[in-house]
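Ligands are counted one by one from 1 in listed order, and the atoms in each one are counted from 1 as well.
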Amino acid sequence: MGTLKRTIINPFKPTAGAEPPVLIGRERVIDDFRDGIEEGVGAPGRLMRITGPRGSGKTALLTELGDIAKSYGWRVVDVTAAGSIVDAIQHELARTSDNTELHLEASLGVVKAGVSKSSTGPETLRGVLTRVASQETQHGAGLLVTVDEIQDADADDVRLVAAAVQHLIRERKNIAFVFAGLTMGVMDLINGRALTFLQRAKAEELASIPLSDVSDSMASTVEGAGLHLDGKALEMTACATRGYAYLVQLVGYRVFANARRHADRDASISLEDAQKGIEDAYGEFEGSVLDVALADLPLRAIEYLIAMAKHEGNVPTKEIAAGLSLPPASLTATRRQLIKAQVIDAPSRGMVRFSIPLLREYLLKSSNEILSRY
Ligand SMILES: Nc1ncnc2c1ncn2[C@@H]1O[C@H](COP(=O)(O)OP(=O)(O)OP(=O)(O)O)[C@@H](O)[C@H]1O
Ligand SMILES: [Mg+2]
C-alpha cells in the first residue's frame, strides 16, 4: 500500500510563477496570440498587455505565450522589471545570439581572426532588436519580447523599448511584445507621457475564471493524478477558489493532499477532505497573502478597510467616510495609500473595491484580532 501512496503525486502547483497543470480560462487570449503570430506584421495579437492582481496568473500566461511562440520557431526573450529592462533585453539577446553567429561563421568556413563584435562598439537597444528581429524574419520566424512586472520598470526604459518595437513593426519585421503587471501600476505607466503606442496594445485583464471552467478542470486534473473528485465535494472545492488562479492551486493542493492519505483505501475525495482542505488553504492564504498585504499599513488604513468591508462589491468612498464619521476629504491620502499598496482599487470615480479575494471576509471575521496588532 505504501507504493500506491508514492505513485500518486499531487498535481497542483501553489507556487508563484509555477506552471499550473492546466491553464484554465485562457483559451481566448491564447488563440488571439496564436492568430497574431500567424497573421503577420501588424496583427493585434502581437502587441498585448496583461494585467491583474497578484496571483491572478500573469507570469504563468506569459510563460505559455512564450512556449507558443517557440513552437512556431520564434526566439523568445523574457525579462522581469527588477533592474533595467533595457539592459536585461540587451544582455539576453547578446548571450543568445553568440552561438548562432559562431555557428553560422563556422558552417560557412569563414575565418575572421581578430574580428569580434565588440570592435564595432556596444549595440544600442534598437540595434540589437533590429539585428535579431531581422535575422529571425529572414528565417521565416520572429522575435517575442515579454516583460513581467512592468509596473516596476523605469518609464524611460519602457519608452525606449516601445519605440524600438514600434519602429520594427513599421519596418515589417516579425516582432511581438507582451507585457504584464499589476493593473493600476500598468495603467499609470502607459497613461504617462509618450506611451500612446502601448495604450493601443490588446488588453487582457485577468479577472476571475468562470467557476464552471474551474470545476471541469479540477475534476480532470484530479482524475489524471489517480483520485476522484465529483458531486458536492467538487462543487465546494471549485467554489472555494473564487475563480482566482492562485487559490485554484492552493485549494486544489490541500484538498488533494487530504484525500491522498487514504488513497489506498478509497480514491474518492470526500466532503470532509474538501472541507478540511479548504480550511487549510484559507489559513495559508491568510498568512501568506492577506496578512502580508496588511502588515505595513497604519491603523487608519486598517480602519478604512474594516469600514469598507461592511459593504459588498463596489463601495462608494462616501459610505466609508460616513462609517468612520469623518469628512470624505480627510480620507483621500489613506485611499491613495491603499491603492498604491494594491490592496484596493478604484473601478470608477468615487468608488473602491478590494483587489484581493477573501480579504473582505477576513476583515469581517478577524477585525478584532487585526486591530489588536496596533
Ligand atoms: N489559468 C490558470 N489556471 C490555473 N492556475 C493558474 C492559472 N494561472 C496561474 N495559475 C497558478 O496560480 C498561481 C499564481 O500564478 P502566477 O504566479 O502566474 O500569478 P501572477 O499574476 O504572476 O502573480 P504575481 O503578481 O504575484 O507575480 C500559480 O500557482 C500558478 O500555477
Ligand atoms: Mg508574476
Could you check whether any side-chain heavy atom of [X] comes within less than 4.5 Å of a side-chain heavy atom of [Y], counting everything from C-beta outward?
X: V147; Y: T80; answer: no
X: L247; Y: L358; answer: yes
X: R335; Y: I344; answer: yes
X: M308; Y: F354; answer: yes
X: L206; Y: E204; answer: yes

Open item on the list: Within a 6.0 Å radius of atom CZ on R242, are there more than 12 heavy atoms belonging to other residues, nucleotides or ligands?
Closed with: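 It does: R242 CZ has more than 12 such atoms within range.
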Task: Partners meeting salt bridge (Lys or Arg N to Asp or Glu O under 4.0 Å) with E39 (sequence neighbours left out) - done: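 With neighbours one apart ignored, the set is empty.
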TODO: Report the residues that fulfil salt bridge (Lys or Arg N to Asp or Glu O under 4.0 Å) with K173, sequence neighbours left out, ordered by chain and then residue number.
DONE: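 Per chain and number, K173 pairs via salt bridge (Lys or Arg N to Asp or Glu O under 4.0 Å) with no residue.
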Task: Under 4.0 Å from ligand 1 - residues by heavy atom, chain and number - done: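 Its neighbours under 4.0 Å (heavy atoms only) are K13, P14, T15, A16, G17, A18, P20, V22, L23, I24, R26, P53, R54, G55, S56, G57, K58, T59, A60, E149, A245, Y246, Q249, given by chain and number.
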- [ ] Test side chain to side chain donor-acceptor pair (under 3.5 Å) on Q151 and E149 and set out the steps.
- [x] CA-CA 5 Å; Q151 78 281 340; E149 306 276 3; 2.8 Å; yes
Open item on the list: Short of 2.8 Å from the Mg ion (ligand 2), name each protein N/O/S atom, waters not counted.
Closed with: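 The answer, once waters are left aside, is T59 OG1.
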